Amino acid sequence: MKEYIEKILGEALKRTAETEGLEVPGDIEIIVEKPKDEKLGDFSSNLAMMLARPAKKNPHELAALLAGHIAVGEGGVESASVAGPGFINITMSRGFYRDRLRQVAAQGESHGHAPARKEQKVLLEFVSANPTGPLHVGHGRGAAVGDCLGRLLKAAGYDVRTEYYVNDVGNQMNILGRSTLLRYRELLGRSAGEFPADHYQGDYITDIARDIQNKHGEEFIDRPEAEALPFFRKTAADWVLEGIKKDLREFRVDFDNWFSERTLYDDGSVNRALDWLRERGFVYDQDGAVWLKSSAFHDDKDRVVVKQSGEQTYFCSDIAYHQNKVERGFTRLIDLFGADHHGYVPRMKAVMEALGYDESVFHAILVQFVTLKRGGEKVQMSTRSGQFITLSEVVAEVGVDVARYFFLMRSSDTHLDFDLELAKQETPENPVYYIQYAHARICNIFITAEQQGVTWPAKGEVDLSLLVEDEEFTLIKKILQFPEVVEKSAQVLEVHRVPHYLHELVAVFHGYYKRHRVVTEDRERTLARLFLLDGLRITIRNGLSILGISAPEKM
RNA sequence: GCGCCUGUAGCUCAGUUGGAUAGAGCAACGGACUUCUAAUCCGUAGGUCGAAGGUUCGAAUCCUUCCAGGCGCACCA
């Protein structure tokens, strides 16, 4: 749409330059936007104001010149005018919009989807929570945003894969195993005093221990810890990871790949990455540890990759992991982090540079915290004490559609208030239903039409000239905006634009519905209006599908 | 102390990367169902865009300083 207008303006600019001897800077960018007020026109451009300075001309006069060279009457342009300080406003004809609406109907599911772009292979990594406990609400936001971003990027034509990095190595896995072992002993009456504060407190640990007890009885009760631990560690980790996978499935989040950190150690990738960096002098020994010279690449300081103990740090394997991503052919790496990990971003960028890649290959998205509320009251949570609301609890309480919508409706970089009471309500306050309701209403109109014996001719035979109401064209214009919203959201990696757009879109519809009846005696007009609603229904469906939210036919 | 994020209507938030008179939802108030779903619609009211400077034709948006809140600043992950 906008590209089309840009072309029209570009041609006008060329003609103006030729006939008026106007000097145009080579790098001038034609920006098309929507006027604040719909009455001013369908599109507007500040082109004249941008040109005013280099051309040393009055922006208003320049705008008039340019507007005069727009081919009115051709290509769907109905009028071009000048307003304000020098805006050029363009109005398109109704015929133009009717044709565009036909295109939407023809596109169906692909309306809003851009053709595949070949230039980039994107790897989107998100959640990647340690498999030491169930996912909580904060992970839920990351999961919803990441999953939606994946769907969005795919719709925008990018080649995207999603991945969950499983931190199945390291000390926290030992603590998980030990926590389970201690609970197991408690269950069998062998409590060894106070449960350690730095171990995992959650009830799920006891559940795992009970599971082991049921299957293995007292088999491990007298074994020394060193001997029993590997079994407990593995059993607990598998149990927790399976739970995470199940929770995510239920939340409609499917990863293309689950990447195990352990494999990077097993196949020597970690050591290989270290050697590679050492050869190039980006790694050095000091105080018995091995450091990455990250300060040479915009990080505040150097970072330890191998501890004095000889153990590699989490950061160390992450270097290998990101190298691995690039080696798999990905040209753009997007990582979603919880806001508490933002300090990690500069060092990851440093890693990319040290590895010889452009820093811009790596892109971090920070997802801010979620404050869970219940009727305005803050729900206190603390991971350490094991008192936290899990994602699956929230989903069980409010449903997948609502939970996803609440996570997606706000910009990722603002704190999110998630009020469970509000989310549960099935009335006005809940924006999810507002959108879904519109879809259900449209479906119901089609059922009514069918019941009244309305049959569809070939789509090309529906006479769209019977669409004459202003609101019908407002609706069409809004429908046609959808591809632009998808493209822009994908470009800036901001998913919240999609729910906002959908809300605006269906608001126009709800108003139209109230004032204009679709199914009437006038058979031809009924068909024209149904045609319009079909385009709208397609748009709502495609939009909700990007959000991973269902489009119910009945409510 | 240093860094990142945030500050816009009573509340929760948008604001098309510098554009035209700053918008929506909720809450408040007043209206609208004998016709396709009232989970809806229409109207009223609500603002020193945290503060002060600066940049220019033009600033909620960019720059500087300050204030407030959140989060970081490990040989944890």
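Within every chain, numbering begins at 1; the chains are lettered A, B, ... in the order of the sequence lines, protein sequences first and strands thereafter. Predicted, not measured: the structure shown is a model, and the values here were computed from it.
Checked against A/H503 for a ring pair (Phe, Tyr, Trp, His ring centres under 6.0 Å), the options A/Y433, A/Y405, A/Y434 give a single hit: A/Y434.
If you check every strand for non-hydrogen atoms under 4.0 Å, A/Y344 touches a base. Across all strands, A/V492 comes closer than 4.0 Å to base atoms (heavy-atom distances). A/R303 comes within 4.0 angstrom of no nucleic acid atom, judged by non-hydrogen atoms across all strands. Nucleic acid contact class of A/Q308 (heavy atoms, under 4.0 Å, all strands): base. As judged by a 4.0 angstrom heavy-atom cut-off over every strand, A/K301 is placed among residues touching the sugar-phosphate backbone only. Nucleic acid contact class of A/H496 (heavy atoms, under 4.0 Å, all strands): sugar-phosphate only. As judged by a 4.0 angstrom heavy-atom cut-off over every strand, A/A289 is placed among the base-contacting residues. Counting any heavy atom pair closer than 4.0 Å across all strands shown, A/H439 reaches no nucleic acid atom. Across all strands, A/F446 comes closer than 4.0 Å to no nucleic acid atom at all (heavy-atom distances). Counting any heavy atom pair closer than 4.0 Å across all strands shown, A/A440 reaches a base atom.
Within 90° of 0 lies the glycosidic angle of B/C33, which makes this nucleotide syn. In textbook terms, a nucleotide whose glycosidic angle is within 90° of 0 is syn, while B/U35, being further out, is anti.
With the nearest nucleotide of RNA chain B identified for both A/D340 and A/V506, A/V506 has the one nearer the 5' end. Each of A/R441 and A/E311 was matched to the nucleotide of RNA chain B holding its nearest heavy atom; the match closer to the 5' end belongs to A/R441.
Not less than 6.0 angstrom separates the ring centroid of A/F337 from the ring centroid of A/H342. A distance of 6.0 Å or more separates the ring centres of A/F259 and A/Y164.
Proximity note for A/M555 (side chain, C-beta onward) versus B/C13, B/A39, B/C75: the nearest is B/A39. Of the candidates B/A39, B/C41, B/C13, B/A39 carries the atom nearest the A/Y437 side chain, counting heavy atoms from C-beta on. Comparing B/U12, B/A38, B/A24 against the side chain of A/R410 picks out B/U12 as the nearest. The nucleotide whose nearest atom lies closest to any side-chain atom of A/N167 is, among B/C41, B/A77, B/U12, B/A77. Closest contact between the side chain of A/R347 and the listed nucleotides B/G15, B/A77, B/C75 involves B/A77.
Regarding A/L527, its CG atom lies at a distance of 19 Å from the P atom of B/C36, rounded to whole Å. For A/I445 and B/U40, the CD1 to P distance is 15 Å, given to the nearest whole Å. For the pair A/E494 CD and B/C13 C1', the computed distance is 14 Å after rounding to whole Å. The distance between atom CD of A/E3 and atom P of B/U16, rounded to the nearest whole Å, is 20 Å. Whole-Å rounding puts the A/I31 CD1 to B/U16 P distance at 13 Å.
Considering every non-hydrogen atom in both A/F126 and A/G142, the closest pair reads CD1-O, 3.7 Å. Residues A/Q368 and A/A339 approach most closely at OE1-CB, 3.3 Å, considering heavy atoms. Contact between A/Q436 and A/L544 at its shortest, heavy atoms only, is CG-CD1, 4.5 Å.
The pair A/D522-A/R517 fails the salt-bridge criterion, with no side-chain N (NZ, NE, NH1 or NH2) lying under 4.0 Å from an Asp/Glu carboxylate O. Electrostatic pairing of A/R410 and A/E494 does not count as a salt bridge here, judged by no charged N lying under 4.0 Å from a carboxylate O. The pair A/K373-A/D417 counts as a salt bridge, with a side-chain nitrogen and a carboxylate oxygen less than 4.0 angstrom apart. Taking a cutoff of 4.0 Å between a charged side-chain nitrogen and a carboxylate oxygen, A/K325 and A/E125 qualify as a salt bridge.
Remark: A/Y314 is not in phosphate contact with B/A77, judged by side-chain N or O atoms under 4.0 Å from OP1 or OP2.
Remark: A/E421 CD is packed, more than 12 non-hydrogen atoms of other residues, nucleotides or ligands lying under 6.0 Å away.
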Per-pair distances, 0.1 Å, donor-acceptor, side chain in residues 471-482 of chain A, under 3.5 Å, sequence neighbours excluded:
| residue | atom | partner | partner atom | Å |
| --- | --- | --- | --- | --- |
| A/E471 | OE1 | A/R515 | NE | 3.4 |
| A/E471 | OE1 | A/H516 | NE2 | 2.7 |
| A/E471 | OE2 | A/R515 | NE | 3.1 |
| A/E471 | OE2 | A/R515 | NH2 | 2.5 |
| A/E472 | OE1 | A/V468 | N | 2.9 |
| A/E472 | OE1 | A/E469 | N | 2.9 |
| A/E472 | OE2 | A/Y512 | OH | 2.6 |
| A/E472 | OE2 | A/R529 | NE | 2.9 |
| A/T474 | OG1 | A/E38 | OE2 | 3.2 |
| A/T474 | OG1 | A/D470 | O | 3.0 |
| A/K477 | NZ | A/D42 | OD1 | 2.9 |
| A/K478 | NZ | A/E504 | OE1 | 2.8 |

Base-pair map of RNA chain B as dot-bracket, where | denotes pairing with a different strand and pairs are Watson-Crick or G-U under 3.5 Å = (((((((..((((.....[...)))).(((((.......))))).....(((((..]....))))))))))))....

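The aromatic rings of A/W291 and A/Y284 sit parallel, their planes meeting at an angle under 30°, below the 60° perpendicular limit.
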Verify side-chain contact (heavy atoms from CB on, under 4.5 Å) between A/F87 and A/M49, making sure each step is shown before the conclusion.
-> CA-CA 7 Å; A/F87 287 102; A/M49 288 182 276; 3.5 Å; yes

How far apart are the C-alpha atoms of A/Q312 and A/N271, what are their side-chain angles, what is the distance that settles it, and do they pass the side-chain contact (heavy atoms from CB on, under 4.5 Å) test?
-> CA-CA 10 Å; A/Q312 273 124 335; A/N271 286 326; 3.2 Å; yes

Nucleotide by nucleotide, nucleotides 1-10 of chain B touches protein heavy atoms under 4.0 Å in the pattern (B base, S sugar-phosphate only, - none) --BBSS----

Each nucleotide N or O in nucleotides 18-20 of chain B that has a protein N or O under 3.5 Å away: list the pair and distance.
| residue | atom | partner | partner atom | Å |
| --- | --- | --- | --- | --- |
| B/G19 | N7 | A/N46 | ND2 | 3.2 |
| B/A20 | OP2 | A/K36 | NZ | 2.7 |
| B/A20 | N6 | A/S44 | OG | 3.1 |
| B/A20 | N6 | A/N89 | OD1 | 3.0 |
| B/A20 | N1 | A/N89 | ND2 | 3.3 |

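Remark: the A/H341 side chain and the B/A77 base include a donor-acceptor N/O pair separated by less than 3.5 Å.
Less than 4.0 Å separates RNA chain B from no heavy atom of any residue of residues 473-483 of chain A.
Among residues two or more places apart in sequence or in another chain, the salt bridge (Lys or Arg N to Asp or Glu O under 4.0 Å) test is passed with A/D287 by none.
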